[in-house]
S.K.: 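Please find one structure pasted underneath; my questions will follow.
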Amino acid sequence: MTGRPAGDSWILLATTGSQGAVAIHIDAAGAELRRTNITAAELVSWVRDVEESEHPRWVIRSAREIYPGLLAAGVLLTRTHDLLLCHAILRDTDIVARPLAPSPDWLPVEPDVGEPALFDAGESSDAGSLSDLVEQVQAQLRVIAADRTDRLSLLCSAESAGGLIAEEMRAAGVPWDAATHDRILTDVLGARPAGGGMPAHMATQADAVRFHLGDPQLHLESHVKLLRALHRVGVNVESTSQWELSEVAHPVIAPLLAYKKLSRLLSANGWAWLSEWVRGGRFRPVYIPGGVVTGRWASAGGGALQLPRMLRPAVRADPGWTLIVADVAQLEPRMLAAMAADKSMAEAARGQDLYAGVVASGAVATREEAKYAVLGAMYGATTGDSGRLVPRLRKVYPRAMHLVDSAARAGEDGGVVSTRLGRSSPRPDALWQAQQSAATGADVDPAEVKRARGRARERGRFTRNFVVQGTAAEWALIWLAEIRHRLRQLPAAETPAPASGPFAEHAHLAFFLHDEVIVHVPLEQADAAAAAVREAAAVATRRLFGAFPIDVPLDLQIMQTAEK
DNA sequence: AGAAGTTGCGCG
DNA sequence: AAAGCGCGCAACTTCT
């Protein structure tokens, strides 16, 4: 950080078990300015008061540990520096000479899937850890300050905001209409048998499959048994995956594919999921910011990131509220064009459909080809339709292609690559390194060399994708943080939505998935919230790429709130 | 019996 | 093993 604005206060907040907490005002280097001891009884109101009067940046061990309790008490934090999340970034970053010394004390904690305890102190909050905390924030601030470009400062702010947003979204929940979900299940799977057992439509397909396979007792969920049965009737597939089955012409295929689809829906998001995960009109998934090495979020429980599109209609605003649903089309290739400052690719990215722009460039003939070529470029395809099309992009977008090709080369050589804001890929593990050096010797088994080469290529594909996926994650993080910031400015709702907990009277983010958001807003604020989502996207683009002209268009809808 | 690994499929 | 990246989860199989 090149400088902290005058009057900007940072407060290290550490819980000290049953005794309460200690708050330490720190300067830009993390040195103590003054210290306040707070009893457990006054903690919540103290934090609330200071939040309102000082608007500090709270330095906390982890939002996941302390924020659920505050939210349950109705206290929202605006800005934090999340030591656990930032530790991971600053430890691995390759954009400064001396990254943070890694420490096992600062590894992510297991998410607590249960109910939030009131300001749960956690087990690591003994007296000794206070000095560790001070030491850690000072070390982190040193690394951030060493980056004269301020990218790590921005990344840490955004990542920390993500830590808050993840907990806020869980507290608010996704408004979920169980009746709609149930209706979809009944329509698709058939009536749910009273005594358990298979829903009607599923049973019909299963019977058809067993009939065509000539085995009325066959257990369809066992791949081994199913495969044997398929072989018996001459369907010579190597696996029971749908792509391979769909290549075969045989009367058993249609009902089998239909059965697999229904079976998947039932086991992943059927009635059992509904009763386990939807309570009081809300789905409350556990988000894990930074859970993926690239910086993307992961989730734990509920399969939040895999909700089938078929169930989207079950996401339903409360009475008097509506939903803003927004996503970015082709976020990753847009990030690539801007990172590489590739004006030709940015030109193709103008407007809603980047693939149409690629076709217009003359590189490929159809939109479908454009899509395969672009995805292949970012994923490192070398064979098949996709691999065949990639070289054409090298002619029209040499700068963009050079960026991903260089990232791949670095990865193959065992090197590290970084995103726009300085999140760096992990180093190769010891096994990988050993495998590579073992393959360079004089008389090495050719199979060994080939295997090592394969592993090197594999890592190249990972680093190739890392820079793009990771930068897209950074864009999304800033987008989220800016949306949240703008929603905060909106007034209280005319009609409360009690199920939203701390957000019962306020517009809030309800769902986030890589490049899309759902915002739950009072009806009367729909237009203002939509504007906030759009402005936030523009800000994210500008923060990452300055004046470089890259379009990041949103597909944004204000949901119609139909009567049931 | 329970852990660990595999398969297949949902999402971006 | 789809043609290439990143995930989580359920159900089954295999290992201990």
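A note on names: the letters A, B, ... follow the listed sequences, proteins ahead of strands, and every chain is numbered from 1.
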S.K.: Would you write the dot-bracket representation of DNA chain C, where each base gets (, ), [, ], | or . depending on whether it forms a Watson-Crick or G-U pair under 3.5 Å and with which partner?
M.R.: ....||||||||||||

S.K.: Determine: side-chain N/O of A:Lys260 to OP1/OP2 of B:dG8, distance under 4.0 Å, yes or no.
M.R.: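 No, A:Lys260 has no side-chain N/O under 4.0 Å of OP1/OP2 on B:dG8.
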
S.K.: Report yes or no: does A:Glu244 contribute a side-chain atom to a donor-acceptor pair with the main-chain N or O of A:Ser239 at less than 3.5 Å?
M.R.: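 Pair found, side chain donor or acceptor close to backbone of A:Ser239.
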
S.K.: Does the side chain of A:Arg192 come under 3.5 Å of the side chain of A:Thr186 through a donor N or O and an acceptor N or O?
M.R.: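 Result is no, nothing qualifies.
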
S.K.: Look at A:Thr240 and B:dG8 and indicate whether a side-chain polar atom (N or O) is within less than 4.0 Å of OP1 or OP2.
M.R.: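 Yes, within the criterion.
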
S.K.: Salt bridge between A:Glu448 and A:Arg451, side-chain N to carboxylate O under 4.0 Å?
M.R.: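 Salt bridge: yes.
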
S.K.: Does A:Arg367 come within less than 4.0 Å of A:Asp353, counting only side-chain N to carboxylate O?
M.R.: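 So A:Arg367 pairs with A:Asp353 through a salt bridge.
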
S.K.: State whether A:Arg296 and A:Glu332 are salt-bridged, where the test is any N-O pair (Lys NZ or Arg NE/NH1/NH2 against Asp/Glu carboxylate O) under 4.0 Å.
M.R.: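 Salt bridge between A:Arg296 and A:Glu332, a charged N being under 4.0 Å from a carboxylate O: yes.
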
S.K.: What pairs with A:Arg486 under salt bridge (charged side-chain N to carboxylate O under 4.0 Å, His left out), at least two apart in sequence or on another chain?
M.R.: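 A:Arg486 satisfies salt bridge (charged side-chain N to carboxylate O under 4.0 Å, His left out) with A:Glu482, A:Glu535 once adjacent residues are dropped.
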
S.K.: Using a 4.0 Å heavy-atom cut-off, does A:Glu516 contact any base of the nucleic acid, only the sugar-phosphate backbone, or nothing at all?
M.R.: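 Sugar-phosphate only.
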
S.K.: What parts of residues 389-414 of chain A reach DNA chain C, counting only heavy atoms under 4.0 Å away?
M.R.: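 By residue number: none to list.
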
S.K.: CG of A:Leu262 versus P of B:dG8: gap in Å, rounded?
M.R.: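 Taking CG of A:Leu262 and P of B:dG8, I get 18 Å after rounding.
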
S.K.: Which parts of residues 201-229 of chain A get close to DNA chain B, meaning a heavy atom less than 4.0 angstrom away?
M.R.: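 Those residues are A:His223.
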
S.K.: Over all strands shown, is A:Leu265 touching base, sugar-phosphate only, or nothing at heavy-atom distances under 4.0 angstrom?
M.R.: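 Touches nothing.
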
S.K.: Tell me the interatomic distance from A:Tyr259, atom OH, to B:dC9, atom C1', rounded to whole angstroms.
M.R.: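 One finds 14 Å between C1' of B:dC9 and OH of A:Tyr259, rounded.
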
S.K.: Taking only Lys NZ, Arg NE, NH1 and NH2, and the carboxylate oxygens of Asp or Glu, determine whether A:Arg423 and A:Glu159 approach each other closer than 4.0 Å.
M.R.: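 A salt bridge links A:Arg423 with A:Glu159.
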
S.K.: Measuring centre to centre across the rings, with the benzene-like ring taken for any Trp, is A:Trp273 within less than 6.0 Å of A:Phe283?
M.R.: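 So the answer is yes for these two rings.
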
S.K.: By side chain to side chain contact (heavy atoms under 4.5 Å, CB included), which residues pair with A:Ala481, not counting sequence neighbours?
M.R.: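 Listed in chain order: A:Ala161.
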
S.K.: Quick one: does A:Val237's side chain get under 4.5 Å of A:Leu245's, heavy atoms only?
M.R.: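 Of all side-chain heavy-atom pairs linking A:Leu245 with A:Val237, at least one is under 4.5 Å.
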
S.K.: In terms of the angle between their ring planes, are A:Phe466 and A:Phe462 parallel, tilted or perpendicular, with boundaries placed at 30° and 60°?
M.R.: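 Rings of A:Phe466 and A:Phe462: perpendicular, over 60°.
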
S.K.: With a 4.0 Å cut-off on N to O distance, would you call A:Arg64 and A:Asp82 a salt bridge?
M.R.: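 No salt bridge links A:Arg64 with A:Asp82.
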
S.K.: Between C1' on B:dG12 and CZ on A:Arg312, what's the gap in Å once rounded to a whole number?
M.R.: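 Rounded to the whole Å, the gap is 11 Å.
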
S.K.: When the distance from CG of A:Asn269 to P of B:dG8 is rounded to whole Å, what number comes out?
M.R.: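 After rounding, the gap between these two atoms is 20 Å.
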
S.K.: How far does the P atom of B:dT6 sit from the matching atom of C:dA1, given to the nearest Å?
M.R.: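 About 10 Å, rounded to a whole number of Å.
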
S.K.: Could you state the atom-to-atom distance from NZ of A:Lys261 to C1' of B:dG8 in whole Å?
M.R.: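 It works out to 12 Å between those atoms.
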
S.K.: Of the options A:Arg453, A:Arg464, A:Gln436, which is the one that meets A:Glu412 in a side chain to side chain donor-acceptor pair (under 3.5 Å)?
M.R.: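 So the option named by the test is A:Arg453.
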
S.K.: Suppose you measure atom C1' in B:dA3 against the same atom in C:dG4; what distance do you get, rounded to whole Å?
M.R.: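 Here B:dA3 and C:dG4 have their C1' atoms 33 Å from each other.
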
S.K.: Go along nucleotides 2-9 of chain C 5' to 3' and tag each nucleotide: B for a protein heavy atom under 4.0 Å from its base, S when only backbone or sugar atoms are that close, - otherwise.
M.R.: BBBBBSBS

S.K.: Taking the six-membered ring for Trp, are A:Trp277 and A:Trp271 ring centroids under 6.0 Å apart?
M.R.: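 Not under 6.0 Å, so no.
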
